[in-house]
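To start, the structure under review is shown below, and the notes come after it.
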Amino acid sequence: MSAARRRFLARIAALAGGAVLAGCDRLSRTDWFPPILESAEALTRRVQRLVTPRDALAREYTVADLSPKFRSNGTAEPEDDDYLALAEKGFAEWFLEVGGLVERPLRLSLADLRAMPSRTQITRHDCVEGWSAIGQWTGVPLAAVLAEARVRPQARYVVFRCADPMEGTEESKYYESIDMVDAYHPQTILAYALNGAPLPVANGAPLRLRVERQLGYKMAKYLMSIELVESFAAIGGGRGGYWEDRGYEWYAGI
Ligand SMILES: Nc1nc2c(c(=O)[nH]1)N[C@H]1C(S)=C(S)[C@@H](COP(=O)(O)O)O[C@H]1N2
Ligand SMILES: [Mo]
């Protein structure tokens, strides 16, 4: 067989393979997500990921664009004795626990996190309540923490647990979750600084999540622990977050 013919056949084979893959993908898209309640937001998520690549970056701004003050929303100071005791000591005794479906559970101090690779980004925060603000966030890429913890292959979501009780009870503490696509997104960081200064308590000290392609309520403040899970059905109200349990969409893409 001539080299040209071999190349021709190889190209046909590649095209056929591509067609089979595309067929599978279409099949999985139709079969995969039947629950009626979830179908609308699942569609939003898939459409966003079709029109923009899965790892597309949220827009980043310059220091000239910074909001004069980054307002606080939701909890501004957790009403939790353990948290207040930690805050009093400048979070020197605070640790972030990383567990669940990982090979190596971690317990990271603020100093441990500050010694890890960092990323600084100026982004716009959009709250469903109708306000936006531009802030500069510095923190550890979540991907770096997950690499340290060695995520097991069954893990499908990252759950973030916060210090603030929303209704005065332990069970009502704020929590959130994201999938592995957002977990490994380069702009998904665990932020310990806002506008070049340690994160203020009003904005989630000592550590808060930034997941820049979603709405503000996904960005859990006052982080205490991170858990890798296969499903969040048994956590809280089962919908993946404090506000999700009260009707907000789990995927809040913008
Ligand atoms: N732990 C916790 N995280 C939270 C909230 C909260 O009340 N508690 N509010 C959410 C909402 S609705 C928004 S808009 C942002 C507000 O972040 P900010 O206080 O830094 O403005 O945090 C989100 N993360
Ligand atoms: Mo919000």
Side-chain angles (χ1 to χ4, degrees), residues 28-50 54 58 72-76 78-80 83 96-102 125-131 142 145-146 151-185 187-191 204 207-254:
S28 69
R29 283 208 185 100
T30 50
D31 286 354
W32 192 45
F33 244 102
I36 290 158
L37 263 175
E38 266 154 45
S39 63
E41 72 172 273
L43 186 67
T44 315
R45 174 168 37 138
R46 288 200 303 271
V47 165
Q48 191 197 54
R49 286 175 182 171
L50 283 175
R54 285 159 74 82
S72 171
N73 202 47
T75 304
E79 288 173 19
D80 178 76
Y83 175 88
L96 177 73
E97 310 269 358
V98 183
L101 295 171
V102 297
H125 176 109
D126 297 306
C127 172
V128 270
E129 290 169 29
W131 60 272
L142 178 58
V145 173
L146 297 183
V151 174
R152 293 185 191 276
Q154 312 92 284
R156 293 186 60 206
Y157 304 99
V158 188
V159 176
F160 301 87
R161 296 181 196 276
C162 310
D164 50 329
M166 300 294 284
E167 290 146 31
T169 63
E170 188 67 24
E171 301 75 58
S172 72
K173 283 188 169 177
Y174 203 94
Y175 78 102
E176 257 304 339
S177 62
I178 59 175
D179 66 12
M180 302 313 290
V181 173
D182 277 320
Y184 288 117
H185 186 282
Q187 287 169 320
T188 298
I189 64 174
L190 301 176
L207 194 73
R208 69 102 49 89
L209 175 67
R210 296 297 310 171
V211 45
E212 303 292 357
R213 291 187 55 199
Q214 294 204 52
L215 289 170
Y217 65 88
K218 299 298 291 187
M219 319 233 193
K221 307 194 283 188
Y222 316 112
L223 293 181
M224 299 303 289
S225 68
I226 291 181
E227 191 186 349
L228 279 290
V229 299
E230 198 171 348
S231 159
F232 47 70
I235 297 170
R239 293 180 174 265
Y242 176 81
W243 285 115
E244 287 84 334
D245 288 339
R246 287 152 186 82
Y248 283 28
E249 289 192 341
W250 176 77
Y251 187 74
I254 42 176

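All residue numbers refer to positions in the sequence shown, counting from 1.
Nearest heavy-atom pair, Val151 versus Met180, reported as atom, atom and distance to 0.1 Å: CG1-CE, 4.2 Å. A pairwise comparison of heavy atoms in Gly238 and Asp245 identifies N-OD1, 3.4 Å as the closest pair. Nearest heavy atom pair, residue Pro165 against residue Ala163, reads CD-O, 3.3 Å. Summarising the geometry of Asp164 relative to Pro78, their closest heavy-atom pair is CB-CB, 3.8 Å, with the distance given to 0.1 Å. Considering all non-hydrogen atoms of both residues, Ser172 and Glu167 come closest at OG-N, 2.8 Å.
Counting only distance, with no hydrogens or angles, the side chain of Arg208 and the backbone of Met219 share a donor-acceptor pair below 3.5 Å. Without hydrogens or angle criteria, Gln214 side chain to Ala252 main chain gives a donor-acceptor distance under 3.5 Å. Listed for the Tyr175 side chain is a donor-acceptor partner under 3.5 Å among the backbone atoms of Gly241. Panel note: side chain Asp126, backbone Leu215; no donor-acceptor pair is recorded below 3.5 Å. Thr188 contributes no side-chain N or O that, together with a main-chain N or O of Leu142, makes up a donor-acceptor pair within less than 3.5 Å.
Taking CD of Glu176 as the start and CH2 of Trp250 as the end, the distance is 9.5 Å to the nearest 0.5 Å. The distance from the CD1 atom of Ile226 to the CG atom of Leu207 is 7.0 Å, given to the nearest 0.5 Å. Summarising the geometry, atom NZ belonging to Lys221 is positioned 6.5 Å from atom OG1 belonging to Thr75; distances are rounded to the nearest 0.5 Å. Atom CG of Leu96 is separated from atom CZ of Phe160 by 9.5 Å, given to the nearest 0.5 angstrom. Distance check: Trp243 CH2 to Tyr217 OH gives 11.0 Å after rounding to the nearest 0.5 Å. Between atom CZ of residue Arg161 and atom CD of residue Glu227 there is a gap of 4.5 Å, rounded to the nearest 0.5 Å.
No side-chain donor-acceptor contact under 3.5 Å links Asp179 and Tyr251.
Under the 4.0 Å criterion applied to side-chain N and carboxylate O atoms, Glu249 and Lys218 are not assigned as salt-bridge partners.
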Give the C-alpha distance, both sets of side-chain angles, the deciding distance and a yes or no for side chain to side chain contact (heavy atoms under 4.5 Å, CB included) between Leu228 and Arg152. CA-CA 8 Å; Leu228 279 290; Arg152 293 185 191 276; over 6 Å; no
Residue pair Trp131, His125: steps toward the side chain to side chain contact (heavy atoms under 4.5 Å, CB included) verdict: CA-CA 8 Å; Trp131 60 272; His125 176 109; 3.7 Å; yes
Go through the steps for Ile178 and His185 under the test side chain to side chain contact (heavy atoms under 4.5 Å, CB included), then give the verdict. CA-CA 11 Å; Ile178 59 175; His185 186 282; over 6 Å; no
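Around CD of Gln154, the count of heavy atoms belonging to other residues, nucleotides or ligands within 6.0 Å exceeds 12.
For Arg246 and Tyr248, the positive end is not near the middle of the six-membered ring at less than 6.0 Å and at most 45° from its axis.
Side-chain contact between Tyr222 and Tyr174 is absent, with no heavy atoms from C-beta onward closer than 4.5 Å.
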